[in-house]
Amino acid sequence: MKNEGTVSKLVGHTDSYYAASANPAPLHPSLEGAVEADVCVIGAGYTGLSSALHLAERGYKVVVLEAERVGWGASGRNGGHVGVGQRKGQEDLEKMLGFDTAKQLWDMGIEAVQLVESLIQKHGIQCDMKRGIMHLAAKRSHNSDLEQEVEMLRERYGYEQMRYVGEEEARSLVGSERYFGAQIDSGSLHLHPLNYALGLAEAAAAAGVQFFEHSRVTSYRGGSPCIVETAKGEVRAKNVVLACNGYLGNLEPRMAGKIMPINNFVLATEPLSDDLARELIANDHALQDTLFVIDYWKLSGDNRLIFGGGENYTSRFPQDIRSFVRNYMLRVYPQLADTRIDYGWGGTLAITLNRMPHLGRLEPNIYYSQGYSGHGVPTATFAGKLIAEVIAGTEERFDILAQIPTPSFPGGTLLRWPGLVAGMLYYSLKDKLGS
């Protein structure tokens with residue numbers, strides 16, 4: 001395979017297809033000296049960008065501090081799926097929280113997707129937005145679960161935009177013999193995730209948000225005002241929003257044990273012919289399977305296959321990401337054996353033990369949201385809106401999510417890795433066994 005197309009168009013971003021095809025974006029200065037703000041947002045991913053935009057639209061003076069570049073982390077590297085609902089299924093949520101709360105969470109999940117679409121339309125964000133996600137049965141035994149979920153969502157939640165299809169139609173739409181049925185959800189979206197993030201940042205800057213890049217927060221403390229420190233400056237703010245997610249590190253020990261950073265990997269092929277692209281994905285939806293360690297893929301705006309597969313639980317990425325993910329892609333599409341792989345990259349996301357987002361307050365004026373568990377494009381965007389609501393004095397919707405119990409990983413930050421690896425290996429083995 002040729003080693004082509006690997007130079008990042010955006011200086012300071014990882015070498016990915018997304019960075020190479022990114023819309024123009026300004027360089028923001030690093031923080032030097034002292035500045036004051038109503039709100040200091042730490043992290044310029046979806047959570048921080050949405051928080052900043054919605055706060056600025058309410059008239060708040062907002063400063064955003066980013067350790068690298070806007071959209072540098074998972075927000076600029078993910079699969080770009082914008083799915084309805086929550087990361088955890090509605091049946092599980094009903095058992096965990098009761099129907100009323102589960103219904104509120106379902107409605108929020110629908111609103112989250114609508115919010116993404118409305119922000120794209122309102123601000124003219126060019127991010128290859130397309131409609132539709134298919135959820136594919138990787139084992140024949142998974143069919144009944146998918147079919148029953150479609151019926152349950154229709155009957156109990158009034159959701160009419162999802163339908164179930166059997167093996168023959170699923171395989172005709174996917175161009176692979178690997179799957180046995182599918183849910184087709186026309187209410188979901190998919191997009192170019194980095195361009196979406198850059199568009200949110202552009203809209204926030206136009207609304208008055210002040211961005212500082214290469215301004216890693218070294219420490220902060222609460223109070224009135226809060227003091228947020230970087231290597232060369234500080235922000236004095238009435239409120240702080242922690243929007244670091246998988247890159248939280250040691251900044252805030254009170255949150256760290258609730259999430260587990262894990263690494264996921266993606267490739268992009270060379271541009272495909274129209275005929276081959278439609279053979280792989282006839283309806284141009286995004287796709288994901290039912291395995292515990294899922295494969296997920298879609299076509300880019302220029303007909304490349306963007307395929308995510310495999311993850312690891314160490315601090316290091318595989319030496320050859322392209323080959324690592326290519327093995328997963330060829331299980332689905334062996335017909336791509338001779339297709340050139342132009343890009344391969346990885347990113348770090350944060351999962352929670354119960355796969356629900358972790359929102360809350362550490363102090364009366366310190367807010368956070370994290371742990372989107374692979375459902376971050378809509379959920380983080382919506383979380384940012386809720387953070388703006390609660391800072392403005394409307395707590396009800398924020399508190400619905402904040403009151404969901406979020407168990408800590410056993411052993412905290414010290415022992416969570418061995419426990420997670422053992423659990424993931426168990427589920428990975430289950431993925432490979434049975435039908």
Tell me whether Y46 contacts the main-chain N or O of P193 through its side chain, where contact means a donor paired with an acceptor under 3.5 Å. yes

Could you tell me if the side chain of W106 sits less than 4.5 Å from the side chain of V84, heavy atoms only? yes

Where the side chain of E66 meets the backbone of A44, is there a donor-acceptor pair that is under 3.5 Å apart? yes

Qualifying residues under side chain to side chain donor-acceptor pair (under 3.5 Å), relative to N283, sequence neighbours excluded: none

With side chains defined as the heavy atoms from C-beta onward, is the minimum distance between V116 and M129 less than 4.5 Å? no

Pairs flagged by ring pair (Phe, Tyr, Trp, His ring centres under 6.0 Å) wherever residues 217-259 is involved - sequence neighbours left out: W72-Y247

Under 3.5 Å side-chain donor-acceptor pair for E202 and H123: no

When rounded to the nearest 0.5 Å, the distance separating CZ of F180 from CG of N143 is 8.0 Å

With sequence neighbours left out, which residue pairs that include part of residues 370-392 fulfil the salt bridge (Lys or Arg N to Asp or Glu O under 4.0 Å) condition? E111-K385, E389-R397

Under the side chain to side chain donor-acceptor pair (under 3.5 Å) test, which residues partner S369, sequence neighbours left out? Y372

Test item: Q86 side-chain N/O and K88 main-chain N/O as donor-acceptor pair under 3.5 Å: no

Could you note down all residue pairs passing salt bridge (Lys or Arg N to Asp or Glu O under 4.0 Å) where residues 222-244 supplies at least one of them, sequence neighbours left out? D38-K238, R221-E229, E234-R236

Spacing of CG belonging to L97 relative to CD1 belonging to I400, to within rounding of 0.5 Å: 11.0 Å

Test side chain to side chain contact (heavy atoms under 4.5 Å, CB included) on H135 and D185 and set out the steps. CA-CA 8 Å; H135 194 196; D185 179 18; over 6 Å; no

Return the OH to CZ distance between Y328 and F265, rounded to the nearest 0.5 Å. 9.5 Å

Going by the rule side chain to side chain contact (heavy atoms under 4.5 Å, CB included), which residues pair with A102 if we only count those two or more places apart in sequence or in a different chain? Q90, L93, E94, Y157

Does atom CD of E117 have more than 12 heavy-atom neighbours from other groups under 6.0 Å away? yes

Anything under 30° is parallel, anything over 60° is perpendicular, the rest tilted; go ahead and classify H192 against Y17. tilted

If only atom types and distance count, is the side chain of H190 paired as donor or acceptor with the main-chain N or O of D284 below 3.5 Å? yes

W345 and Y18: aromatic ring centres closer than 6.0 Å? yes

Side chain to side chain, N264 and T348, heavy atoms closer than 4.5 Å: no

Does any N or O in the side chain of R322 come within less than 3.5 Å of the main-chain N or O of I341, such that one atom is a donor and the other an acceptor? yes

Has N354 got a side-chain atom pairing as donor or acceptor with P405's backbone, closer than 3.5 angstrom? yes

For a 4.5 angstrom cut-off between non-hydrogen side-chain atoms, does I120 reach C127? yes

If only atom types and distance count, is the side chain of N365 paired as donor or acceptor with the main-chain N or O of S224 below 3.5 Å? no

If we ignore angles and hydrogens, is there a donor and acceptor under 3.5 Å between the side chains of D289 and Y296? no

Kindly determine whether N245 and T47 satisfy side chain to side chain contact (heavy atoms under 4.5 Å, CB included), including the steps that lead there. CA-CA 9 Å; N245 202 35; T47 307; 5.8 Å; no

Does CG belonging to N327 count more than 12 external heavy atoms closer than 6.0 Å? yes

Under the 3.5 angstrom rule, does the side chain of T269 hit a backbone N or O of L305 as a donor-acceptor pair? yes

State which residues pass salt bridge (charged side-chain N to carboxylate O under 4.0 Å, His left out) with E160; sequence neighbours excluded, sorted by chain then number. R154

Quick check against the 3.5 Å criterion: does R58 have a side-chain atom that pairs as donor or acceptor with the backbone of A392? no

For R178, is the CZ atom crowded, meaning more than 12 foreign heavy atoms sit under 6.0 Å from it? yes

Salt-bridge test for R331 and D295: reply yes if a basic N is under 4.0 Å from a carboxylate O, no otherwise. yes

Please report the C-alpha distance between R254 and E363 in whole Å, then the side-chain angles of each, then the deciding distance to 0.1 Å, and finally whether the salt bridge (charged side-chain N to carboxylate O under 4.0 Å, His left out) criterion is met. CA-CA 11 Å; R254 290 176 288 180; E363 297 175 21; 3.5 Å; yes

Is K61 paired with E36 through a side-chain N to carboxylate O contact shorter than 4.0 Å? no

With the side chain counted from C-beta on, respond yes when V209 and L53 share a heavy-atom pair under 4.5 Å apart, and no when they do not. no

With a sphere of 6.0 Å drawn around CD of Q121, does it hold more than 12 non-hydrogen atoms of other residues, nucleotides or ligands? yes

With sequence neighbours left out, the residues meeting side chain to side chain donor-acceptor pair (under 3.5 Å) with D399 are R361

May I have the step-by-step check of side chain to side chain contact (heavy atoms under 4.5 Å, CB included) for V240 and Y368, ending in yes or no? CA-CA 8 Å; V240 170; Y368 65 85; over 6 Å; no

M356 CE to I404 CD1 distance, which is reported to the nearest 0.5 Å: 4.0 Å

Of all residues at least two apart in sequence or in a different chain, which pass the ring-ring contact (aromatic ring centres under 6.0 Å, His included) check with F307? W297

Hey, does L267 have a side-chain heavy atom less than 4.5 Å from the side chain of I321? no

Tell me yes or no: between the side chains of T290 and H142, is some donor less than 3.5 Å from an acceptor? yes

Count the heavy atoms of every other residue, nucleotide or ligand shown that sit under 6.0 Å from CD of Q126, and state whether that count exceeds 12. no

T230 side chain reached by R216 side chain, heavy atoms, under 4.5 Å: no

Which residues pass the side chain to side chain donor-acceptor pair (under 3.5 Å) test with N239, not counting sequence neighbours? none

Polar side-chain atom of S118 near backbone of Q114 as donor-acceptor pair, under 3.5 Å: yes

For L353 and T406, run side chain to side chain contact (heavy atoms under 4.5 Å, CB included): C-alpha distance rounded to whole Å, both residues' side-chain angles, the deciding distance at 0.1 Å, then the answer. CA-CA 7 Å; L353 204 56; T406 304; over 6 Å; no

Nearest 0.5 angstrom please: L251 CG to S219 OG, how far? 8.0 Å

Taken in chain and number order and not counting sequence neighbours, the residues that satisfy side chain to side chain contact (heavy atoms under 4.5 Å, CB included) with E213 are L27, H28, R69, V70

Straight-line distance of E149 CD to R156 CZ, nearest 0.5 Å: 13.0 Å

Show every donor-acceptor pair shorter than 3.5 Å between a side-chain atom in residues 374-381 and any protein atom, with sequence neighbours excluded, or say none if there are none.
from: H375; atom 1: NE2; to: G83; atom 2: O; distance (Å): 3.2
from: H375; atom 1: NE2; to: G85; atom 2: O; distance (Å): 3.0
from: T379; atom 1: OG1; to: H375; atom 2: O; distance (Å): 2.8
from: T381; atom 1: OG1; to: Y196; atom 2: OH; distance (Å): 3.0
from: T381; atom 1: OG1; to: V377; atom 2: O; distance (Å): 2.6

